[in-house]
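Written below as C-alpha cells is the structure these notes are about.
Letters A, B, ... are given to chains in the order of the sequence lines, protein chains preceding strands, and every chain is numbered from 1. Only a predicted model underlies this, so the values are computations on that prediction, with no experimental measurement involved.
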Number of protein chains: 2
Amino acid sequence: MDDPKPYHHGNLREALIEAAIEILHESGVGDLSLRATAARAGVSRMAPTHHFGGKDGLLGAVAARAYENFAATMQSEFDRAEENAHEKMRAICKGYLMFARNEPALFDLILSDETRFQWTDELTISSAKSYEVLRSTCAMFKPSKHGPEITETLIWSLIHGYAALSRRTPVSQEFDFREIFAMLDELHLTPKGQVPRR
Amino acid sequence: MDDPKPYHHGNLREALIEAAIEILHESGVGDLSLRATAARAGVSRMAPTHHFGGKDGLLGAVAARAYENFAATMQSEFDRAEENAHEKMRAICKGYLMFARNEPALFDLILSDETRFQWTDELTISSAKSYEVLRSTCAMFKPSKHGPEITETLIWSLIHGYAALSRRTPVSQEFDFREIFAMLDELHLTPKGQVPRR
DNA sequence: AAATGAACTTGACGGCGTCAAGATTTTGTA
DNA sequence: TACAAAATCTTGACGCCGTCAAGTTCATTT
C-alpha cells in the first residue's frame, strides 16, 4: 500500500539522515554540513534543504535519531540488569554513559543548545522516550519529601552533568563506572516497600 | 614602564574580546564571527586572527573571560552567605545558576565541547579558579566513604547538569532555587565536626 | 494525453575562516 | 641619530558554507 520508496531516489530522506550520521561518526558535529551530506548521498547540494527545510531541520531529524539510539541503549542495559531497583538504576546510568562515550558526536548534538536544531514533534517524542526510561526507573524508589519529581530531576541532572563533564576530561578511565555508582550510593535512594537503611 | 597601550590601536586584543562579548550578549554564540568582531572593534577582518591565531583562539580567550565572570558570581554569593556549610553550599549553587541564567551565551560557550575553542593555559587557570570555589565548599563536609573527591564530582555534576537542562526548558520559574535546594537536601551532606542527622 | 505537483538540480549571492603578501608603525640597537 | 628588525594591521584571493530563486525531471491524477 504505502511502500516507502515512491520517488526518484527512493527514500532519500532516510539516506540523508544516514549520511549525516556517518559524517558525525567520522568527523564530529563541526564538520557536518548540508553540502557534505548531499555529496555523500550522491545528490545535489539543495536536496537536503528540500527535505528538511534547512540545516536546522536536518540537525533536528538527526537529533531525533540520536535520541532513539540513546533510549535504546539505556533500555537495553535496563533489560539485562537484575530485578532490583538499585541494579536497574545503575544499569540506566551505565547505558547513559555508554552512549555518551560510544557516540560522542550524537551526544554532542543532544547536549548542545536546542537553538541549533529545529524542535519538531518527532524530536519531542524521541526525547520523551529517553526521559521515560529514566522516569520509570526513578518511580521504583520512594519519592523525595520535597516532591515526587525531585528524584527524577536529581538523577537526570547528575548523570547528564557527569557525562558532559567527563566528555571534556578524557581521563584514560575508558569504561569505569565506579565513580557514577559511588555517587548513586551517596543519594541513599530507598526502593519502595523497603525500610530505609541507616 | 610597561604601559599597556604601546601600538597602533591601543590594546586591541582587549577591545576585541569585549566586542566579542557584546556580540554574544546581543545575538548568541551562533552569530559570533571573527569578521563581525573585527567590524565592531573598527578594524580589518584579519586583525582578530592575528591576535588570537584563529577563531579557536578568540573563543578560548572569551571562554577564559567567561570563567572569570563565572567564578566571581559564585564567590560573591559565597561571601554574602551565612557562616554555615549548608548555606555556603546553597550559595555557590545559586551563583552557578544565576550565571547560567544571566549570561546564557557565555554559559553556552563554557558548556560547549572544548573542541570548539583552543584550550590555553589562561583558560586552565580560569576554569580551575571556578572549580576551586566549589572544591573548597565541598571540603566543609565529611568526605564520602567512596573517596574524598566523590562529593566534588557529585555536586559539580549535579549543578552542571541541572543548569544545562534548565537552559532548554524555559519554564517560567525565572529565579526559583527551591528545586536545586531540595536536591541538595537529598544528598544528606554532613558538615565536618557534626554528628550525622538521621 | 494533458495537467498538476512533488522531487530534485543549477545558478547566483553574501558571509564565513584563513593563507599569503603587502603596508605601516614601533622597537631594538649600533 | 640612523637603520634594521619586528610587531601590528590591511588587502586580495580562495574555497566552503547556507539558502533564495528559477529551472528540469519524473510520477501521479484527471
Side-chain angles (χ1 to χ4, degrees), chain A residues 1-20 22-24 26-63 105 109 112-113 115-118 120, chain B residues 1-20 22-24 26-63 105 109 112-113 115-118 120:
Chain A
M1 183 101 66
D2 43 18
D3 189 14
K5 46 176 177 172
Y7 32 79
H8 294 167
H9 172 281
N11 227 1
L12 177 56
R13 188 189 147 93
E14 200 63 22
L16 288 169
I17 293 177
E18 288 172 12
E22 286 175 23
I23 293 173
L24 286 177
E26 293 172 10
S27 310
V29 69
D31 288 341
L32 176 60
S33 70
L34 289 175
R35 290 166 112 108
T37 304
R40 180 173 285 257
V43 291
S44 77
R45 65 197 193 283
M46 279 297 284
T49 299
H50 176 259
H51 277 280
F52 300 102
K55 191 169 189 182
D56 295 353
L58 174 63
L59 288 179
V62 174
L109 198 60
S112 72
D113 192 335
T115 60
R116 292 184 61 181
F117 47 75
Q118 196 182 331
T120 63
Chain B
M1 183 97 68
D2 44 18
D3 189 15
K5 46 176 177 172
Y7 32 78
H8 293 168
H9 174 281
N11 227 0
L12 177 58
R13 187 190 148 94
E14 200 62 21
L16 288 168
I17 292 177
E18 289 172 12
E22 285 176 23
I23 293 173
L24 286 177
E26 293 172 11
S27 311
V29 68
D31 288 342
L32 177 59
S33 70
L34 289 175
R35 290 166 111 109
T37 304
R40 180 174 284 258
V43 291
S44 77
R45 64 196 193 282
M46 277 297 283
T49 299
H50 176 259
H51 277 280
F52 300 102
K55 190 169 191 183
D56 296 353
L58 174 62
L59 289 179
V62 174
L109 198 59
S112 71
D113 192 334
T115 59
R116 293 184 61 180
F117 47 74
Q118 195 182 333
T120 63

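Qualifying side chain to side chain donor-acceptor pair (under 3.5 Å) partners for A/Glu18, counting only residues two or more places apart in sequence or in other chains: none. By the side chain to side chain contact (heavy atoms under 4.5 Å, CB included) test, A/Ala15 pairs with A/His9, A/Leu12, sequence neighbours left out.
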Contact string for nucleotides 10-18 of chain D, one letter per nucleotide 5' to 3', B = base within protein heavy-atom range under 4.0 Å, S = sugar-phosphate only, - = neither, reads BBBB---BB

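Listed by first then second residue, pairs satisfying salt bridge (charged side-chain N to carboxylate O under 4.0 Å, His left out) with a partner in residues 36-53 of chain B read B/Glu22-B/Arg40, B/Glu26-B/Arg40, not counting sequence neighbours.
Rounded to 10 degrees, the angle separating the terminal helix axes of the helix from C/dA1-D/dT30 to C/dA30-D/dT1, each built from five base pairs, is 0°.
Between the P atom of C/dC8 and the CG atom of A/Leu16 lies a distance of 9 Å, rounded to the nearest Å. Remark: P of C/dT18 and CD of B/Gln118 are 11 Å apart, rounded to the nearest angstrom.
Heavy atoms only, all atoms of each residue included: A/Leu59 and A/Phe117 are closest at CB-CB, 3.4 Å. Taking each heavy atom of A/His51 and A/Leu16 in turn, the nearest pair found is CD2-CD1, 4.2 Å.
Put simply, A/His51 has a side-chain N or O that comes within less than 4.0 Å of OP1 or OP2 on C/dC8.
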For residues 27-39 of chain B, please give each side-chain donor-acceptor pair under 3.5 Å, one per line with the distance, not counting sequence neighbours.
residue: B/Ser33; atom: OG; partner: B/Ala36; partner atom: N; Å: 3.0
residue: B/Thr37; atom: OG1; partner: B/Ser33; partner atom: O; Å: 2.8

**OP:** Could you walk me through whether B/Phe52 and B/Ile17 pass side-chain contact (heavy atoms from CB on, under 4.5 Å), step by step?
**Re:** CA-CA 10 Å; B/Phe52 300 102; B/Ile17 292 177; 3.7 Å; yes

